Amino acid sequence: MKEILREVGMIARSLDSISNIEFKQYDLTRGQYLYLVRICEHPGIIQEKLAEMIKVDRTTAARAIQKLEINGFIEKNEDQHNKKIKRLIPTEKGQAVYPLIKRENDYSNSVALSGFSKSEAETLVNLLQRVRSNVEKDWEYVKKGNKRDY
């Protein structure tokens, strides 16, 4: 069997490295741009849902969110109905950087899919979504403290 996960990992690490270098000028480091994009796309999201969306543990999400807040990209607002819940909202600074991150993402997608037909690109996306779905089941299982049997 082909080592598809190695290939996916190399692609992800390469793109993450590029993004970390390019977004450093905006004081966004170590993948914080991922969190900012999701907060801009889902203003008012809570930290737990954001962590699930990005597929990281709560502690990792909390550190990234704290850095984004300290650097003025987001703010935490109290929920109207439950004061314990903090809603994550992009600030003007966060909203100003979002289009740049989106443009970089669009460019990286076009580079990655260079030479692919529209049909091939759609097939690749569908196949990768199926892979993600399969992996998410294990992620949920292990996240709940279970051990996989391999």
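Hydrogens, waters and symmetry mates play no part in the numbers below; they use all other heavy atoms, side chains included. A quick note: this is a predicted structure, and the numbers were derived from the prediction, not measured.
Asn77 places no side-chain N or O within 3.5 Å of a backbone atom of Ile89 that could act as its donor or acceptor partner. Asp16 contributes no side-chain N or O that, together with a main-chain N or O of Ala12, makes up a donor-acceptor pair within less than 3.5 Å. Between the Asn146 side chain and the Val142 main chain, no donor and acceptor come within less than 3.5 Å of each other. Panel note: side chain Gln25, backbone Glu22; a donor-acceptor pair is recorded below 3.5 Å.
With contacts defined as side-chain heavy-atom distances shorter than 4.5 Å, the pair Leu88/Ile46 does not qualify. Residues Arg87 and Lys76 have side chains not in contact (no heavy-atom distance under 4.5 Å, counting atoms from C-beta outward). Contact of the Thr59 side chain with the Arg63 side chain is registered, since non-hydrogen atoms from C-beta on lie closer than 4.5 Å. Looking at heavy atoms from C-beta onward, Leu28 lies in side-chain contact with Leu68 at the 4.5 angstrom threshold.
Rounding to the nearest 0.5 Å gives a distance of 4.5 Å between CD of Glu52 and NZ of Lys49. The distance from the OG1 atom of Thr29 to the NZ atom of Lys67 is 5.5 Å, given to the nearest 0.5 Å. Rounding to the nearest 0.5 angstrom, the gap separating the CD1 atom in Ile85 from the CD atom in Glu48 is 9.5 Å.
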Could you walk me through whether Ile45 and Met53 pass the side-chain contact (heavy atoms from CB on, under 4.5 Å) test, one step at a time? CA-CA 10 Å; Ile45 192 170; Met53 190 180 283; 3.8 Å; yes
side-chain contact (heavy atoms from CB on, under 4.5 Å) evaluation trace for Arg38 with Ile54: CA-CA 8 Å; Arg38 296 301 182 268; Ile54 296 178; 4.1 Å; yes
Are Asn126 and Thr123 close enough, and set up right, to give a side-chain hydrogen bond (donor to acceptor under 3.5 Å, both in side chains), and what steps lead you there? CA-CA 5 Å; Asn126 291 332; Thr123 298; 5.7 Å; no
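Contact record, Leu113 with Ala121: CD1-CB, 4.1 Å, taken as the closest heavy-atom pair. When all heavy atoms are compared, the tightest approach of Gly94 to Cys40 is O-SG, 3.9 Å. The two residues Arg58 and Gln47 make their nearest non-hydrogen contact at O-NE2, 3.8 Å. Across every non-hydrogen atom of Ile65 and Leu50, the tightest pair is CD1-CD2, 3.8 Å.
Partners of Val8 by side chain to side chain contact (heavy atoms under 4.5 Å, CB included), not counting sequence neighbours, listed by chain and number: Ile4, Leu128. Applying the side chain to side chain contact (heavy atoms under 4.5 Å, CB included) rule to Ser117 yields the partners Ser119, Glu120; only residues at least two apart in sequence or on another chain are considered. For Glu136, the side-chain hydrogen bond (donor to acceptor under 3.5 Å, both in side chains) criterion is met by Lys55, Arg132, not counting sequence neighbours.
Of the residues listed (Val125, Val131, Leu127), the one engaging Gln129 in a side chain to side chain contact (heavy atoms under 4.5 Å, CB included) is Val125, and it is the only one.
Identified under the side-chain hydrogen bond (donor to acceptor under 3.5 Å, both in side chains) test for residues 95-111, with sequence neighbours left out: Ser19-Glu104, Glu41-Tyr98, Lys102-Asp106, Glu104-Ser108. Listed by first and then second residue, the ring pair (Phe, Tyr, Trp, His ring centres under 6.0 Å) pairs that reach into residues 110-150 come to none, sequence neighbours excluded. Under the ring pair (Phe, Tyr, Trp, His ring centres under 6.0 Å) criterion, the residue pairs touching residues 26-79 are Phe23-Tyr33, with sequence neighbours excluded.
Of the charged side-chain nitrogens involved, none lies within less than 4.0 Å of a carboxylate oxygen, so that Lys86 and Asp79 do not count as a salt-bridged pair.
When the side chains of ILVMFWY residues are joined at heavy-atom separations under 4.5 Å, either directly or via intervening members, Leu15 and Ile101 end up in two distinct hydrophobic clusters.
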